[in-house]
Novice: 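Below is a structure I'd like to ask you about.
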Amino acid sequence: MAELDPKAMYKLSYGLFVLTTKLGDKVNGCITNTGIQVTSSPNRIAFAVNKANLTHDMLLESGVFNLSVISESAPFSLFERFGFQSGRDVDKFSGFEAYALDSVGVPYILEGTNSYISGAVYQTVDLGSHTLFICDVLGSYSLSSSPSATYSYYQSNIKPKPSSFAVGDSVGSLEKTSRTVWRCTVCGYEWEGEELPDDFVCPWCKHPKSDFEKIVS
Ligand SMILES: Cc1cc2nc3c(=O)[nH]c(=O)nc-3n(C[C@H](O)[C@H](O)[C@H](O)COP(=O)(O)O)c2cc1C
């Protein structure tokens, strides 16, 4: 039988992006770590978007996008604004000034990014929980020389450090615990209880149980 070590999946490296779109008068976007260039001639990129995201539905209908490449200078607030809340509940661009609109009115992000890629959806693939959008690149623009943030850079340097210890950390004496919390290693969402249900999905960033760590305090 094939071996499945979930830690091997963590070794894949990812970039981080703000994926934005516009439908009618509404602009919206979400954080994604799944942007890749898939072909160079024609120039195409692809990203997978969770069907629960408003950005997903808007993108399916509008067919136009911008992918702003997040850099190491990005503040955590950029992730909070675009990754921890849905455009179904809030206007993510309200009170936010660090963006501009491209020629078709899709926003791109000016703060904590180093470039953006604009284009149109070429093809979609239904992946169950997500849709894979394969897109034609119609424009690409540099904004700064700050290095691109990897997902692992985000985990180590941008995401605030946990206030408690993760189970398994070498912290000496943790025999007595009064509270068990499961923390999403992607966005920091906390769920209190002894055992996280197998089908649990983070309500903020939609990542599965395997992305949670057990915290005792
Ligand atoms: C670091 C990070 C990475 C994420 N990666 C993805 C991703 O690859 N695909 C995805 O669909 N959502 C991803 N998300 C979750 C969405 O950004 C999040 O669910 C967002 O609130 C959706 O907003 P919307 O409903 O306005 O589209 C990520 C969130 C964070 C914080």
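The structure displayed is predicted, hence computed values, not measured ones. Order of appearance sets the numbers: ligands from 1, and atoms from 1 within every ligand.
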Novice: For K92, is at least one N or O under 3.5 Å away from an N or O on ligand 1?
Specialist: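 Yes; at least one N/O pair falls below 3.5 Å.
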
Novice: Just to verify, which of Y99, F93, F65 counts as forming a side-chain contact (heavy atoms from CB on, under 4.5 Å) with T20?
Specialist: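 So, applying the side-chain contact (heavy atoms from CB on, under 4.5 Å) to T20 and each of Y99, F93, F65, only F93 qualifies.
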
Novice: Which residue from D91, N53, L19 reaches closest to atom 10 (C) of ligand 1 through any of its heavy atoms?
Specialist: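 Among D91, N53, L19, the closest heavy atom to atom 10 (C) of ligand 1 belongs to N53.
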
Novice: Any N/O of Y154 closer than 3.5 Å to an N/O of ligand 1?
Specialist: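 Y154 vs ligand 1: no N/O contact under 3.5 Å.
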
Novice: Do the side chains of S210 and M9 get nearer than 4.5 Å, heavy atoms only?
Specialist: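 Result no, sub-4.5 Å side-chain heavy-atom pair not found.
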
Novice: Below 3.5 Å, N or O to N or O, backbone or side chain included: is there any such pair between N33 and ligand 1?
Specialist: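 Yes.
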
Novice: Quick check: R88 and ligand 1, any N/O pair under 3.5 Å apart?
Specialist: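 R88 vs ligand 1: no N/O contact under 3.5 Å.
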
Novice: Okay, side chain of W182, backbone of E194: is any donor-acceptor separation there less than 3.5 Å?
Specialist: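 Judged by distance alone, yes, a pair lies under 3.5 Å.
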
Novice: Does L54 reach ligand 1 with a nitrogen or oxygen that is under 3.5 Å from one of the ligand's nitrogen or oxygen atoms?
Specialist: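 Yes - when backbone and side-chain N and O of L54 are compared with those of ligand 1, one distance drops under 3.5 Å.
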
Novice: Using 4.0 Å as the upper bound for N to carboxylate O, is an ion pair formed by K92 and E80?
Specialist: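 The answer is no: the pair does not qualify as a salt bridge.
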
Novice: Can you report which non-hydrogen protein atom sits closest to atom 9 (N) of ligand 1, along with the distance?
Specialist: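 That would be A48 O, 3.3 Å.
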
Novice: What's the shortest distance from atom 1 (C) of ligand 1 to any protein heavy atom, and which residue and atom give it?
Specialist: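 For atom 1 (C) of ligand 1, the nearest protein heavy atom is V186 CG1, 3.6 Å.
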
Novice: Identify the protein heavy atom lying closest to atom 31 (C) of ligand 1, giving its residue, its atom name and the separation to 0.1 Å.
Specialist: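 For atom 31 (C) of ligand 1, the nearest protein heavy atom is F84 CE2, 3.4 Å.
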
Novice: My understanding is that we take every heavy atom of each candidate and find the minimum distance to atom 27 (O) of ligand 1. Doing that for D211, T21, L59, T55, which one comes out nearest?
Specialist: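 Shortest heavy-atom distance from atom 27 (O) of ligand 1: T55.
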
Novice: Classify the ring geometry of Y154 against F76: parallel below 30°, tilted from 30° to 60°, perpendicular beyond 60°.
Specialist: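 Y154 and F76: parallel rings.
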
Novice: Among G87, S129, P203, C202, which residue places a heavy atom closest to atom 26 (O) of ligand 1?
Specialist: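 Among G87, S129, P203, C202, the closest heavy atom to atom 26 (O) of ligand 1 belongs to G87.
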
Novice: Taking only non-hydrogen atoms of Y14, do any sit less than 4.0 angstrom from ligand 1?
Specialist: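 Heavy atoms of Y14 never come under 4.0 Å of ligand 1.
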
Novice: What I want to know is whether I31 and ligand 1 share at least one N or O pair that is separated by under 3.5 angstrom.
Specialist: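 Looking only at distances, the answer is yes, because the N/O contact criterion of under 3.5 Å is met.
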
Novice: Taking both backbone and side-chain atoms of G83, is any N or O found less than 3.5 Å from an N or O belonging to ligand 1?
Specialist: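 Indeed, backbone or side chain, G83 has an N or O that close.
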
Novice: Check H56 against ligand 1 and report side chain, backbone, both or neither, counting heavy atoms closer than 4.0 Å.
Specialist: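 Neither part.
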
Novice: Identify whether the distance between the nearest side-chain nitrogen and carboxylate oxygen of D5 and K11 falls below 4.0 Å.
Specialist: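 Judged by the 4.0 Å cut-off on N to carboxylate O distance, D5 and K11 do not form a salt bridge.
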
Novice: Can K51 and D126 be counted as an ion pair, charged N to O under 4.0 angstrom?
Specialist: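 Salt bridge present between K51 and D126.
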
Novice: Show the atoms of ligand 1 that are less than 4.0 angstrom away from any heavy atom in Q85.
Specialist: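 Within the 4.0 Å cut-off of Q85, ligand 1 contributes 20 (C), 21 (O), 23 (O).
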
Novice: Relative to ligand 1, is F47 under 4.0 angstrom through side chain, backbone, both or neither, heavy atoms considered?
Specialist: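 Answer for F47: neither.
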
Novice: Between the main-chain N or O of N43 and the side-chain N or O of S40, is there a donor-acceptor pair closer than 3.5 Å?
Specialist: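 Answer holds: no.
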
Novice: So, is S86 polar-close to ligand 1, with some N/O to N/O distance under 3.5 Å?
Specialist: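 Yes, there is a polar N/O contact under 3.5 Å.
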
Novice: Restricting to side-chain contact (heavy atoms from CB on, under 4.5 Å), what partner residues turn up for Q123, sequence neighbours left out?
Specialist: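 Per chain and number, Q123 pairs via side-chain contact (heavy atoms from CB on, under 4.5 Å) with I134.
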
Novice: Suppose I only count heavy atoms of N28 and a 4.0 Å limit; which atoms of ligand 1 are within that range?
Specialist: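 Those of ligand 1 that fall under 4.0 Å from N28 are 24 (P), 26 (O), 27 (O).
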
Novice: Please say which of V64, V27, N28, N53 ends up in a side-chain contact (heavy atoms from CB on, under 4.5 Å) with M58.
Specialist: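 Single side-chain contact (heavy atoms from CB on, under 4.5 Å) partner of M58 among V64, V27, N28, N53: N28.
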
Novice: Tell me every residue that passes side-chain hydrogen bond (donor to acceptor under 3.5 Å, both in side chains) with T124, counting only those two or more places apart in sequence or in another chain.
Specialist: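 Not a single residue meets the side-chain hydrogen bond (donor to acceptor under 3.5 Å, both in side chains) criterion with T124.
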
Novice: Does the plane of the ring in Y14 sit parallel, tilted or perpendicular to the ring in Y151? Use 30° and 60° as the thresholds.
Specialist: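 If you compare the ring of Y14 with that of Y151, the planes turn out perpendicular.
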
Novice: For atom 19 (O) of ligand 1, what is the nearest protein heavy atom, given as residue, atom name and distance?
Specialist: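 Of the protein heavy atoms, W204 O, 3.3 Å lies nearest.
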
